[in-house]
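What follows is a short report on a single structure.
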Amino acid sequence: MSKRTKISEILRNEATGYEVTVKGWVRTFRNNQFIALNDGSTNNNIQIVVDFENTPEATLKRITTGAAIGISGTVIASQGKGQKVEVKAKTLEIIGDSDPEKYPLQPKKHSLEFLREIAHLRFRTNTFGAVFRIRHSLAFAIHQFFNDRGFVYLHTPIITASDAEGAGEMFRVTTLDLNNIPRTETGEIDVKQDFFGKTTNLTVSGQLEGELAAMAFGEVYTFGPTFRAENSNTTRHLAEFWMIEPEMAFYDLDDNMDLAEALMKYVIGYTLTHNKEDIDFLTQRLLEEEKLKPQTERSEMNLLEKLQFCLGNNFERVTYTQAIDILRESNHNKKKKFQYLIDKWGADLQSEHERYLVEKHFKKPVILSDYPKEIKAFYMRQNDDGTTVRAMDILFPGIGEMVGGSQREERLDKLETRMKEMHIPTEELSWYLDTRRFGTCPHAGFGLGFERLVLFVTGMTNIRDVIPFPRTPKNAEF
RNA sequence: UCCUUCUUAGCUCAGCUGGUUAGAGCACAUGACUGUUAAUCAUGGGGUCCCUGGUUCGAGUCCAGGAGAGGGAGCCA
């Protein structure tokens with residue numbers, strides 16, 4: 001068989017009367033005659049019409065759900081109603097059999113939980129086909145966005161020796177024999193004998209390294225895997241996830257917010273034009289799912305409307321202090337409907353509060369800024385009030401924190417003082433402090449959780465369904 | 001890690017106050033039909049009722065412990 005044509009191409013141009021070769025995987029085989037074939041180029045299948053009267057019985061029996069087949073034939077206008085064009089098969093080759101008794105996917109609706117257990121096959125379903133094509137588009141659009149603006153894509157290390165970032169529990173990296181750990185005279189693990197001669201971990205953030213490069217290139221971004229050994233079992237946490245971390249010299253917090261908002265809108269807009277079919281499919285899928293819910297729990301907007309709304313409206317920008325006032329004055333708080341009632345300034349917001357602000361009060365993405373310094377990291381720039389820092393979180397409906405960022409403290413004395421207050425070893429991070437010693441400047445950056453972005457754009461609700469092979473506590477399958 | 005719900009056929013699920021042979025739809029097999037859209041119709045095979053222990057004449061059902069999964073919380077992206 002010759003070079004194959006992608007199904008997306010045949011369906012897109014709708015032309016007829018020409019010869020093609022298509023290859024893909026059988027979704028269903030109806031009436032001993034009609035194959036719904038999918039090759040992953042689009043969620044839509046192409047209908048193959050088999051001349052069953054002139055095809056060996058043994059071959060027909062091998063056209064089963066999941067089998068890989070190749071067909072050469074003519075693209076013709078379809079006599080049926082479900083599609084405009086179809087391929088009338090001249091030759092049909094079974095490339096890879098699929099035992100229908102053992103193949104777990106059936107032409108029916110499967111639960112997401114079941115598909116998660118067969119993550120190696122779930123790409124072959126409509127839902128996951130759409131999700132992972134969108135995931136690809138979002139990744140591509142992110143690079144496009146930054147490249148268009150002259151940012152340098154920086155690869156920060158995955159193995160790191162600094163454990164001073166305080167961004168959560170880390171995965172230890174070692175080549176020591178765990179059954180026979182070398183000890184020092186005092187009984188501690190002798191890390192000098194380990195591969196790097198010191199304690200090393202998987203990265204929890206590329207931010208500190210990103211800042212170093214920003215002090216040379218002006219604007220950089222990272223996009224890579226990130227690892228957190230937290231024992232989190234939620235629909236929005238993974239032990240291994242992908243994060244985008246831009247870092248920009250000569251930016252203040254407002255510039256930072258502008259960039260983050262522009263990025264989000266650009267990549268969402270990109271998928272709306274390049275993944276229209278997949279988004280339409282997911283929108284439909286969600287609508288059907290919502291039919292099962294009581295009226296009151298249904299969303300006001302469908303997925304497509306939600307994404308369009310997000311593009312057409314500015315994100316609401318409020319300070320932490322304003323947010324506390326809104327929450328405190330809300331009927332929800334007065335009627336004591338919050339599990340944690342808002343009384344005094346300074347407490348960290350619970351996710352019920354964030355959800356109230358985003359989903360009930362503003363009904364759109366919200367950028368919260370200027371948090372109390374006690375609940376934020378050491379590197380954030382201190383405001384003149386002495387109590388808040390130039391931090392910002394972008395909260396999205398249904399997802400919560402999608403972006404966390406800040407203007408960085410560029411003043412060496414202030415930074416060192418804060419590090420000492422928070423017991424961050426300054427000697428170990430001397431290389432980081434060098435940026436403040438040699439040509440320091442105002443700068444800012446943020447971290448965007450890639451899977452959370454994919455969650456929002458696809459309308460999926462569990463983060464394990466938007467990464468091919470999720471790593472979570474007690475689970476590293478595939 | 002905490003709270004909570006769940007675990008019955010390949011999948012989705014029913015199984016009442018404990019009762020004798022555990023059901024349905026889909027899938028699968030066989031046959032019929034042959035322009036079907038998750039094709040249809042007929043027939044058929046298919047079960048460690050998550051595991052361990054207990055209560056009872058009798059446990060899918062009740063109790064205890066364990067494992068796994070879902071949802072919520074904390075932590076965060």
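Predicted model only: the values in this text are computed from it and were never measured. Every chain is numbered from 1 and lettered A, B, ... according to where its sequence line falls, protein lines coming before strand lines.
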Next on the checklist: Quick check: on RNA chain B, is the nucleotide nearest A:T234 upstream (toward 5') of the one nearest A:V49, or the reverse? Name the residue that is more 5'.
Outcome noted: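 That would be A:V49.
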
Next on the checklist: Go nucleotide by nucleotide along RNA chain B from the 5' end; which of A:P104 and A:I76 gets its closest nucleotide reached first?
Outcome noted: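 Going by which nucleotide is closer to the 5' end, it is A:P104.
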
Checklist entry - B:rA67 pairs with which nucleotide, Watson-Crick or G-U wobble, both distances below 3.5 Å? => result B:rU7

Checklist entry - Is there aromatic stacking of A:F34 against B:rA39, centre distance under 5.5 Å, plane angle under 30°? => result no

Item to check | Cation-aromatic face contact A:R149/A:F145, 6.0 Å, 45 degrees | outcome: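 So A:R149 does make the cation-pi contact.
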
[X] [atom1] to [N] [atom2]: how many Å, rounded?
X      : N      : atom1 : atom2 : result
A:F52  : B:rG35 : CZ    : C1'   : 10 Å
A:Q83  : B:rA39 : CD    : P     : 12 Å
A:K474 : B:rG68 : NZ    : P     : 7 Å
A:Q47  : B:rA38 : CD    : C1'   : 13 Å
A:I48  : B:rU37 : CD1   : C1'   : 14 Å
A:L368 : B:rA77 : CG    : C1'   : 15 Å
A:N32  : B:rU30 : CG    : P     : 12 Å
A:D348 : B:rA73 : CG    : C1'   : 14 Å

Would you classify [X] as touching base, sugar-phosphate or nothing, given that sugar-phosphate means primed atoms plus P, OP1 and OP2, and contacts are heavy atoms under 4.0 Å?
X      : value
A:L453 : nothing
A:S111 : sugar-phosphate
A:E86  : base
A:G80  : base
A:E101 : sugar-phosphate
A:R116 : sugar-phosphate
A:K81  : base
A:N233 : base

So if I take every side-chain heavy atom of [X] and compare against [options], which nucleotide ends up nearest?
X      : options                : answer
A:R30  : B:rG35, B:rC75, B:rU37 : B:rU37
A:R452 : B:rA77, B:rU36, B:rU34 : B:rA77
A:R236 : B:rC76, B:rU30, B:rA77 : B:rC76
A:R355 : B:rA77, B:rG72, B:rA29 : B:rG72

Next on the checklist: For A:K364, I'd like to know if atom NZ has over 12 heavy atoms of other residues, nucleotides or ligands within 6.0 Å.
Outcome noted: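 More than 12 within 6.0 Å, yes.
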
Next on the checklist: I'd like to know whether NZ of A:K265 has more than 12 heavy-atom contacts from other residues, nucleotides or ligands below 6.0 angstrom.
Outcome noted: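 Yes.
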
Item to check | Pairwise side-chain contact, A:V152 with A:E219, heavy-atom cut-off 4.5 Å (strictly under) | outcome: no

Checklist entry - Any side-chain heavy-atom pair from A:F338 and A:S330 closer than 4.5 angstrom? => result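 Result yes, sub-4.5 Å side-chain heavy-atom pair found.
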
Whole-Å [atom1] distance, [N] and [M]:
N      : M      : atom1 : result
B:rC62 : B:rU20 : P     : 16 Å
B:rG45 : B:rA22 : P     : 14 Å
B:rC16 : B:rC41 : P     : 30 Å
B:rU52 : B:rG68 : C1'   : 15 Å
B:rA14 : B:rG31 : C1'   : 31 Å
B:rG72 : B:rU30 : C1'   : 49 Å
B:rU8  : B:rU55 : P     : 27 Å
B:rU17 : B:rA24 : P     : 23 Å

Item to check | Atom pair CD1 (A:I399) and CD1 (A:I394), whose distance is rounded to the nearest 0.5 Å | outcome: 12.5 Å

Checklist entry - How long is the gap from CZ on A:R116 to CD on A:E477, to the nearest 0.5 Å? => result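 Answer rounded to 0.5 Å: 14.0 Å.
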
Under-3.5 Å donor-acceptor pair between [X] side chain and [N] base:
X      : N      : answer
A:S232 : B:rC75 : yes
A:Q106 : B:rG10 : yes
A:T235 : B:rG71 : no
A:H237 : B:rC76 : yes

Any side-chain N or O of [X] below 4.0 angstrom from OP1/OP2 of [N]?
X      : N      : answer
A:N31  : B:rU36 : no
A:R464 : B:rG71 : no
A:R27  : B:rA39 : no
A:S205 : B:rA77 : no
A:Q350 : B:rG74 : yes

Next on the checklist: Quick check on the 6.0 Å ring-centre criterion: do A:F241 and A:F227 meet it?
Outcome noted: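 No, too far apart.
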
